[in-house]
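Working notes, beginning with the structure itself.
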Amino acid sequence: MRGAVIHAPGDVRFETLADPKISRPTDAVIRTVATCVCGSDLWPYRGAEPVDEPHPMGHEYVGIVEEVGSEVTDVKPGQFVVGSFATSDNTCANCRNGWQSSCLNREFMSTCQADYIRIPNAHGTLVATDEHPSGDLVPSLLAVSDVMGTGWYAALAAEVRPGSTAVVVGDGAVGLCGVIAAKELGAERIIAMSRHASRQKLALEFGATDIISERGDEGIARVKDLTGGIGADSVLECVGTPESMRQALHSARPGGNVGFVGVPHEVSVEGQELFFSQVGLRGGPAPVRRYLPDLIDRVLSGRINPGRVFDLTLPLDQVAEGYRAMDERRAVKALLKP
């Protein structure tokens, strides 16, 4: 098969790789219907994470089951499936508590920008649709495997409630999906922080009521201006930089909550600052598997359309261009079709 391999920052190649095989009875192999480039893939691409040796890339996927191990009974060959970037057995204590991304047998997917994928813990990771979806639904189902599920978790971690005010820090795919999530969870006011006209437009179409283009202290001041000088009930931090975390913490009101899902890079939170802010802080890798049945149903029923975050579609063999386009902010998110 062929798949994406990163060799060094800025150097992603489409290469011939070994076909995936069933190696454990809980594995499945799927044929990729669609995959994509994630904003978090840009960290190693930009040199913010080390690339010690060439390795495959990608953790978002939908596909058709080709083969299953002997212990996989929930899905079968021929079914269309959606999975999570973090695999889970869905039976351990953490999974039963709803934290599948901290499964005791968790593996993070990292080979999904390819023709075929081996899915560990397939019995607890994959969710099959009743029938093969139409092509126009595939982008939104692909979004559910990560960015929509992650945006949903950000909103839940920030405790978005009906009638509340939410701020979304970050206008990438996760942030835009966070706007969808805040809307679905009943936020009355949704303030999207974005500097880019095309992303601002999409945020408004997804349900944002206000746009703030300022950043740093000016952005925080604008949030306070819009919230009677107090701050927001809920803040979704969807970037992962020191600046975005500071902006999130200072945009929340005392007693408010920040859900942070941007993978942190050089982020630190000073104890005294957090102590006196009286702001709740929760984050981490989203337990997407917990939300898959609900989010898949919302997509199939037409209630949400997170696939609109894909503004560039390429053949899988042009994956390197997908990375370049996102790195240069020519695209919000690149969808790849084998």
Heavy-atom pair with the smallest gap, counting every atom of [X] and [Y]:
X	Y	result
P254	I230	CD-O, 4.1 Å
A158	G259	CB-N, 3.6 Å
A34	L142	O-CD1, 3.7 Å
Y116	M1	O-SD, 3.3 Å
V160	A187	CG1-CB, 3.8 Å
R161	S164	O-OG, 2.6 Å

To the nearest 0.5 Å, how far apart are [atom1] in [X] and [atom2] in [Y]?
X	Y	atom1	atom2	result
I22	S70	CD1	OG	9.5 Å
D74	Q79	CG	CD	9.5 Å
D115	T35	CG	OG1	10.5 Å
L300	L295	CG	CG	11.0 Å
Q272	S277	CD	OG	11.5 Å
M57	S40	CE	OG	7.5 Å

Mind checking side-chain contact (heavy atoms from CB on, under 4.5 Å) for [X] and listing every partner two or more places apart, or none if nothing turns up?
X	value
D217	I220, R246
K201	E205
A181	M148, W152, A155
P264	F260, V267

Which Ile, Leu, Val, Met, Phe, Trp or Tyr residues join [X] in one cluster when any pair of side-chain heavy atoms under 4.5 Å counts as a link?
X	answer
Y61	I30, V65, V68, V72, V75, V81, M109, I117, I119, L126
F276	F275
L204	I211

Under 6.0 Å from the [atom1] atom of [X], do we count more than 12 heavy atoms belonging to anything else shown?
X	atom1	value
L104	CG	yes
E218	CD	no
E131	CD	no
D130	CG	no
E188	CD	no

Inset, instruction - Keeping to residues at least two apart or across chains, list the side-chain hydrogen bond (donor to acceptor under 3.5 Å, both in side chains) pairs with something in residues 222-233. - result: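 Every pair satisfying side-chain hydrogen bond (donor to acceptor under 3.5 Å, both in side chains) with a residue in residues 222-233: D233-R253.
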[X] side-chain N/O to [Y] backbone N/O, donor-acceptor pair under 3.5 Å:
X	Y	answer
S88	R106	no
S145	E60	no
D210	L226	no
H265	V263	yes
N97	N94	no

N-O pairing of [X] and [Y] below 4.0 Å:
X	Y	value
D317	R2	no
R298	E184	yes
D19	K21	no

Legend entry - Criterion side-chain contact (heavy atoms from CB on, under 4.5 Å) against V169, the qualifying member of M245, E243, M193: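 The residue from M245, E243, M193 that satisfies side-chain contact (heavy atoms from CB on, under 4.5 Å) with V169 turns out to be M193.
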Inset, instruction - Test T125 against every option in T87, N90, V82 by the side-chain contact (heavy atoms from CB on, under 4.5 Å) rule and name the one that passes. - result: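 Only one of T87, N90, V82 forms a side-chain contact (heavy atoms from CB on, under 4.5 Å) with T125, namely T87.
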[X]: which residues meet the side-chain hydrogen bond (donor to acceptor under 3.5 Å, both in side chains) condition with it, sequence neighbours left out?
X	value
D27	S23, R118
T150	D146
T91	D89
S140	N305

Inset, instruction - Kindly assign one of parallel, tilted or perpendicular to the pair H59 and F85, based on the angle between their ring planes and the thresholds 30° and 60°. - result: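 Perpendicular.
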Inset, instruction - Return the orientation label for the W99 and Y153 ring planes: parallel under 30°, perpendicular over 60°, tilted otherwise. - result: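 Aromatic pair W99/Y153 classed perpendicular.
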Legend entry - No-hydrogen, no-angle side-chain donor-acceptor test under 3.5 Å, D171 and Q200: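 On atom types as modelled, these side chains do not qualify, holding no pair under 3.5 Å.
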Legend entry - Modelled atom types, side-chain donor and acceptor of S244 and E237, under 3.5 Å: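 E237 and S244 do have a side-chain donor-acceptor pair below 3.5 Å.
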Inset, instruction - Evaluate the criterion side-chain contact (heavy atoms from CB on, under 4.5 Å) for residue pair L335 and K333; output intermediate values, then yes/no. - result: CA-CA 7 Å; L335 185 145; K333 193 165 180 65; over 6 Å; no
Legend entry - Any side-chain heavy-atom pair of V309 and F206 under 4.5 Å: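 Sidechains of F206 and V309: in contact.
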Inset, instruction - Following the transitive rule for hydrophobic clusters with a side-chain heavy-atom cut-off under 4.5 Å over Ile, Leu, Val, Met, Phe, Trp and Tyr, establish whether V29 and V33 coincide in one cluster. - result: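 In one cluster: no.
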Legend entry - From CA spacing to verdict: side-chain contact (heavy atoms from CB on, under 4.5 Å), V168, I191: CA-CA 6 Å; V168 180; I191 303 167; over 6 Å; no
